[in-house]
There are 2 protein chains.
Amino acid sequence: MNIGQAANHSGVSAKTIRYYESIGLIPEASRTESGYRRYGDKDVETLRFIHHSRNLGFSVKDVGMLLDLWRNQKRASADVKALALSHIAEVDRKIEELRKMRDTLTHLTQRCHGDDRPDCPILEELAGETIDA
Amino acid sequence: MNIGQAANHSGVSAKTIRYYESIGLIPEASRTESGYRRYGDKDVETLRFIHHSRNLGFSVKDVGMLLDLWRNQKRASADVKALALSHIAEVDRKIEELRKMRDTLTHLTQRCHGDDRPDCPILEELAGETIDA
DNA sequence: ATTGACCTTCCAGCTTCTGGAATCTTTATA
DNA sequence: TATAAAGATTCCAGAAGCTGGAAGGTCAAT
């Protein structure tokens, strides 16, 4: 099938498939006589794997490692799990960071009356000393 | 003071101060005869404002708007509050997205025994149909 | 005079695509 | 058969927000 079909079946856009090829995440596709890329079911499966992994927030680099592990019949599941756990830790870190931000923001907005008067605790605190969120 | 001092006092690195100037977030600094940028307490205050805003996750573009509001004595606090509330909504959206990711990831890793055997539900599910996190 | 800490500019790279231009191929229709 | 639309190709640029590094000028102290 052509790249458009592969895109539809995998959830990865044609543009992005070409991009993944260009950075070496996926191997170069074979070509038709006229130069169109050709894809098979196996390729679509790989693209779907990538799509799912990206949806779970794995970096493209991590996805590369996951693909290697996936293709390697002799991998230890511990290696996969370690990668996933480390990613979970990273996600947790981000959540915590965002949660702190939101708490501070909520605190600030609650103290701002939000009418047509100019005085605003939000701006005052942003200009002050003590914001570390 | 020179840019290094301004950086130390504001928490914004010299490199980043120059960057902010280059994109117009802050006005061009005045210069000494030899070309060094000069900063005063007011400038440091502005940089600190920016630093705090960035720490709270506001985009540089939003920070530009906040700076305008801050400098405009006639602004309505409602405008500031609206910006902040909209940002909170965005932060909440991101938190929710990350939480979904983490839940799926946690689910996956729990089902992976994580030893030296090769079979791994994480990879199997990534290759499957049903991941939407 | 020299050292070292600053400062300057400019260019490149990070991450992950996405949009767009110019051009070719394939397919369908009039 | 002519032609038009859909889909493919390559390449360049831009998005956000810095950060690193090179090559070089300046300032203060020794």
Side-chain angles (χ1 to χ4, degrees), chain A residues 1-26 28-40 43-44 47-67 87 90-91 93-94 97-98 101, chain B residues 1-26 28-40 43-44 46-47 49-67 87 90-91 93-94 97-98 101:
Chain A
M1 71 191 92
N2 287 339
I3 198 169
Q5 292 290 306
N8 284 338
H9 292 355
S10 67
V12 180
S13 77
K15 206 95 186 176
T16 301
I17 294 174
R18 290 192 201 97
Y19 168 70
Y20 286 159
E21 185 185 297
S22 81
I23 62 170
L25 181 64
I26 53 177
E28 291 194 14
S30 61
R31 303 287 185 127
T32 65
E33 271 189 22
S34 60
Y36 282 21
R37 286 174 182 80
R38 268 184 317 206
Y39 297 90
D43 301 311
V44 169
L47 287 168
R48 213 151 36 199
F49 181 100
I50 293 171
H51 191 213
H52 291 157
S53 303
R54 294 286 299 129
N55 274 351
L56 288 178
F58 285 103
S59 70
V60 168
K61 197 175 167 190
D62 279 355
V63 174
M65 293 196 276
L66 286 171
L67 279 174
H87 179 49
E90 180 64 14
V91 170
R93 206 192 50 67
K94 280 187 195 154
E97 188 184 340
L98 289 172
M101 283 181 191
Chain B
M1 70 192 91
N2 287 339
I3 198 169
Q5 292 290 305
N8 285 336
H9 292 355
S10 67
V12 180
S13 77
K15 206 95 186 175
T16 301
I17 294 174
R18 290 192 201 98
Y19 168 69
Y20 286 160
E21 185 185 296
S22 80
I23 61 169
L25 181 64
I26 53 177
E28 291 194 14
S30 62
R31 303 285 186 129
T32 65
E33 271 189 24
S34 60
Y36 283 20
R37 287 175 181 79
R38 269 184 316 206
Y39 297 90
D43 302 312
V44 169
T46 300
L47 288 168
F49 181 99
I50 293 171
H51 192 213
H52 290 157
S53 304
R54 294 287 298 130
N55 274 352
L56 288 178
F58 286 102
S59 69
V60 168
K61 197 175 166 191
D62 279 355
V63 174
M65 293 197 276
L66 287 170
L67 280 174
H87 180 49
E90 179 64 14
V91 170
R93 207 191 50 66
K94 278 187 196 154
E97 188 184 339
L98 289 172
M101 282 181 192

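Chain letters run A, B, ... following the sequence lines, proteins first and then strands; every chain starts at 1. Since the structure is predicted, the reported quantities are computational estimates derived from the model, not experimental observations.
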Undergrad: Any idea which of dT9(D), dG21(D), dT19(D) is nearest the Ser13(B) side chain?
TA: dT19(D)
Undergrad: May I have the step-by-step check of salt bridge (Lys or Arg N to Asp or Glu O under 4.0 Å) for Glu90(A) and Arg93(A), ending in yes or no?
TA: CA-CA 5 Å; Glu90(A) 180 64 14; Arg93(A) 206 192 50 67; 3.0 Å; yes
Undergrad: For the base of dG17(D), is there a side-chain donor-acceptor partner from Lys15(B) under 3.5 Å away?
TA: no
Undergrad: Roughly, in whole Å, what's the span from CD in Gln5(B) to P in dA5(C)?
TA: 15 Å
Undergrad: Which of the following nucleotides, dG17(D), dT16(C), dA8(D), is nearest to the side chain of Asn2(A)?
TA: dA8(D)
Undergrad: Between Ser53(A) and Phe49(A), is there a donor-acceptor pair closer than 3.5 Å when you use the side chain of the first and the backbone of the second?
TA: yes
Undergrad: Is there a donor and acceptor pair closer than 3.5 Å between the side chain of Tyr36(B) and the base of dC27(D)?
TA: no
Undergrad: Within the side chain of Arg38(A), is there an N or O that forms a donor-acceptor pair under 3.5 Å with the backbone of Met1(A)?
TA: no
Undergrad: Hey, which sits more toward the 5' end of DNA chain D by its nearest nucleotide, Ser34(B) or Lys61(B)?
TA: Lys61(B)
Undergrad: Report which part of the nucleic acid Arg18(A) touches: base, sugar-phosphate, or nothing (heavy-atom distance under 4.0 Å, all strands).
TA: base
Undergrad: Measuring from the side chain of Arg54(B) (C-beta onward, heavy atoms only), which nucleotide among dG17(D), dC17(C), dT10(D) has the closest atom?
TA: dG17(D)
Undergrad: Start at the 5' end of DNA chain D and walk down; is the nucleotide closest to Ser59(B) or to Thr32(B) reached first?
TA: Ser59(B)
Undergrad: Arg31(A) has an atom CZ; how far is it from atom P of dG7(D), in whole Å?
TA: 19 Å
Undergrad: Asn8(A) has an atom CG; how far is it from atom P of dG7(D), in whole Å?
TA: 9 Å
Undergrad: Would you say Arg38(A) places a side-chain N or O within less than 4.0 Å of OP1 or OP2 belonging to dA8(D)?
TA: no
Undergrad: For the residue pair Leu47(B) and Ser10(B), what are the closest heavy atoms and their distance?
TA: CB-CB, 3.4 Å
Undergrad: Can you tell me how far P of dT26(D) sits from CD1 of Ile3(B), to the nearest Å?
TA: 17 Å
